[in-house]
Visitor: 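Okay, here's the structure, questions in a sec.
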Amino acid sequence: MNNRTGFFLTIEGVEGAGKSTLAHELAKALRERGREVVVTQEPGGSALGNRIRELLLDKSSVIGNRAELLLFEAARAQHVDETILPALNRGAVVICDRYADSSLAYQGYARKIDRDKVEFLNNYATAGLKPDLTILLDLPAVEGLARQKKTDRVSSEKLEFHEAVRQGFIQLAKDEPKRFVVLDARQSIDDIIKKALGALNL
Ligand SMILES: Nc1ncnc2c1ncn2[C@@H]1O[C@H](COP(=O)(O)OP(=O)(O)OP(=O)(O)O)[C@@H](O)[C@H]1O
Ligand SMILES: [Mg+2]
């Protein structure tokens with residue numbers, strides 16, 4: 001892990017915070033600077049991960065909290081091995097739309113699974129791979145839900161659930177201030193991109 005030359009950026013935040021928009025805009029800007037950029041997302045990021053994503057997001061799926069956590073972690077393990085590590089090893093910038101912090105916020109803070117258990121499974125699934133930088137797009141859950149174009153099994157949870165997710169992310173950012181950059185997601189997309197590029201310094 002230590003000899004890799006790439007850069008691993010993750011983007012976190014509640015539903016509709018603007019993660020996917022920022023991931024694509026940052027990729028465009030970094031490619032203009034000549035960097036190889038891989039944009040990927042969780043759950044997903046591999047053929048297996050995309051199939052698990054369909055199961056997780058399908059509104060007709062019945063999934064308990066433990067099964068949900070394990071499915072996210074299984075998708076994550078494959079994502080790291082198949083997509084993220086190879087890209088980092090060849091020197092690419094990897095921009096990942098959600099990663100292990102989402103499990104801490106959703107399955108930990110919002111579904112109330114012990115943080116220790118989520119951390120253990122995150123560590124196992126990622127083989128210890130941590131982001132170099134994490135951008136948290138902070139937004140009141142109610143505003144994110146209003147921005148959303150389509151809903152899925154997880155985003156259809158009640159408002160209190162999504163507000164617990166938001167508070168979880170804020171706590172995670174406080175716990176690891178060196179890794180996290182928190183940006184107010186109510187700013188214009190242009191302002192967010194500018195600040196994110198400044199934080200990245202690539
Ligand atoms: N800073 C912003 N201000 C206003 N609207 C925004 C901003 N960023 C993104 N949007 C809009 O909000 C909507 C949701 O954005 P986006 O899909 O990027 O969010 P997301 O965090 O990826 O959501 P999800 O969690 O559902 O994947 C889109 O219509 C997008 O154009
Ligand atoms: Mg998105």
Side-chain angles (χ1 to χ4, degrees), residues 8-31 37-46 49-61 63 68-69 71-73 75-76 79 83-84 93-111 131 133-173 180-200:
F8 185 27
L9 171 70
T10 62
I11 303 176
E12 300 281 3
V14 294
E15 316 283 330
K19 301 177 295 298
S20 305
T21 305
L22 179 62
H24 287 97
E25 293 298 325
L26 279 181
K28 216 192 298 172
L30 293 172
R31 282 175 189 137
V37 183
V38 172
V39 177
T40 187
Q41 68 172 352
E42 291 211 345
S46 71
N50 287 330
R51 291 176 73 178
I52 295 174
R53 178 184 181 88
E54 285 175 24
L55 291 172
L56 281 165
L57 298 186
D58 186 339
K59 285 181 186 167
S60 68
S61 293
I63 308 178
E68 181 185 68
L69 172 60
L71 283 168
F72 274 109
E73 299 293 1
R76 181 165 299 135
H79 189 193
T83 306
I84 301 175
V93 178
V94 175
I95 302 178
C96 192
D97 182 343
R98 295 192 181 283
Y99 188 61
D101 295 308
S102 276
S103 282
L104 286 163
Y106 282 75
Q107 282 71 52
Y109 283 90
R111 301 248 197 250
L133 185 78
T134 299
I135 295 175
L136 171 58
L137 291 176
D138 180 47
L139 188 68
V142 69
E143 291 184 38
L145 295 176
R147 280 184 191 177
Q148 271 206 314
K149 297 214 170 81
K150 53 180 200 287
T151 62
D152 57 51
R153 188 187 62 87
V154 178
S155 70
S156 309
E157 286 287 346
K158 53 188 191 304
L159 181 59
E160 298 89 273
F161 174 88
H162 295 290
E163 203 41 52
V165 170
R166 182 197 185 195
Q167 296 307 326
F169 279 130
I170 290 171
Q171 186 58 50
L172 292 169
F180 275 88
V181 172
V182 183
L183 298 178
D184 184 341
R186 288 170 301 187
Q187 301 171 89
S188 72
I189 295 172
D190 280 352
D191 283 347
I192 292 171
I193 294 163
K194 244 178 258 159
K195 285 178 187 158
L197 282 171
L200 265 171

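All ligand and atom numbering here is 1-based and tracks the order in the structure. On a predicted model such as this, the values are computed, not experimentally measured, just so you know.
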Visitor: Out of all atoms in ligand 1, which are within 4.0 Å of some heavy atom of T21? Include the element for each.
Guide: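 Taking each heavy atom of T21 in turn, ligand 1 has 9 (C), 15 (O), 16 (P), 18 (O), 30 (C) under 4.0 Å.
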Visitor: Does an N or O anywhere in K19 fall below 3.5 Å from an N or O of ligand 1?
Guide: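 Yes, K19 has an N/O under 3.5 Å of an N/O on ligand 1.
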Visitor: Run down the list I189, L139, D190 and name the one with the heavy atom closest to atom 2 (C) of ligand 1.
Guide: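 Minimum heavy-atom distance to atom 2 (C) of ligand 1 goes to I189.
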Visitor: Provide, to 0.1 Å, the distance between atom 23 (O) of ligand 1 and the closest protein heavy atom, together with that atom's residue and name.
Guide: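 Going atom by atom, the protein heavy atom closest to atom 23 (O) of ligand 1 ends up being G16 N, 3.0 Å.
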Visitor: Test L137 against every option in I11, V182, T21 by the side-chain contact (heavy atoms from CB on, under 4.5 Å) rule and name the one that passes.
Guide: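 Result: among I11, V182, T21, I11 is the only option passing the side-chain contact (heavy atoms from CB on, under 4.5 Å) with L137.
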Visitor: Does this structure show an ion pair linking E73 with R76, if we count only N-O contacts that are shorter than 4.0 Å?
Guide: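 Looking at R76 together with E73, the answer is yes, because their closest N to O distance falls below 4.0 Å.
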Visitor: Would you mind checking if E15 and R153 are paired as a salt bridge, meaning a charged N to carboxylate O distance below 4.0 Å?
Guide: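 Salt bridge between R153 and E15, a charged N being under 4.0 Å from a carboxylate O: no.
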Visitor: Backbone, side chain, both or neither: what part of R98 comes under 4.0 angstrom of ligand 1, heavy atoms only?
Guide: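 R98 to ligand 1: side-chain contact only, backbone stays beyond 4.0 Å.
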Visitor: Side-chain donor-acceptor pair under 3.5 Å between Q171 and Q167, yes or no?
Guide: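 Q167 and Q171 do not have a side-chain donor-acceptor pair below 3.5 Å.
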Visitor: Please state whether A17 comes within less than 4.0 angstrom of ligand 1, counting heavy atoms only.
Guide: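 Contact check A17 vs ligand 1: positive.
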Visitor: Ring centroids only, cut at 6.0 angstrom: are F72 and Y106 within range, meaning strictly under it?
Guide: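 No, the ring centres sit 6.0 Å or more apart.
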Visitor: Which atoms of ligand 1 are found less than 4.0 Å from any heavy atom of Q187?
Guide: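 Result: 1 (N), 2 (C), 3 (N).
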Visitor: Compare A146, A23, G18, S20 and give the one whose heavy atom is closest to atom 22 (O) of ligand 1.
Guide: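 The nearest heavy atom belongs to S20.
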Visitor: List every atom of ligand 1 that sits less than 4.0 Å from any heavy atom of K149, numbering the atoms from 1 in the order shown and giving each element.
Guide: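 Near K149, meaning under 4.0 Å from one of its heavy atoms, ligand 1 has 28 (C), 29 (O).
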Visitor: Quick one: does I135's side chain get under 4.5 Å of L9's, heavy atoms only?
Guide: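 In short, these two side chains touch, coming nearer than 4.5 Å.
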Visitor: Find out whether V165 and E157 are in side-chain contact, i.e. whether some heavy atom of one side chain is under 4.5 Å from a heavy atom of the other.
Guide: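 A side-chain contact under 4.5 Å is absent here.
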Visitor: With respect to atom 10 (N) of ligand 1, which of E15, Q148, R147 exhibits the smallest heavy-atom separation?
Guide: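 Nearest option to atom 10 (N) of ligand 1, by heavy atoms: R147.
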Visitor: Which part of S155 is near ligand 1, with near meaning a heavy atom under 4.0 Å away: side chain, backbone, both or neither?
Guide: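 The answer is neither.
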Visitor: Should L197 and L30 count as side-chain neighbours, where that means a heavy-atom distance under 4.5 Å?
Guide: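 Yes. Closest side-chain heavy atoms under 4.5 Å.
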Visitor: Hey, is the main chain of V14 close enough, under 3.5 Å, to the side chain of K19 for a donor-acceptor pair?
Guide: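 It does hold such a pair.
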Visitor: Applying a heavy-atom cut-off of 4.0 Å, say which part of I192 lies close to ligand 1: side chain, backbone, both or neither.
Guide: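 Side chain only.
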Visitor: Please work out, at 4.0 Å between heavy atoms, whether the side chain, the backbone, both, or neither of R186 comes within that distance of ligand 1.
Guide: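 None of R186 does.
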Visitor: N/O/S of S20 less than 2.8 Å from the Mg ion (ligand 2)?
Guide: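 Checking S20: at least one N, O or S atom is under 2.8 Å.
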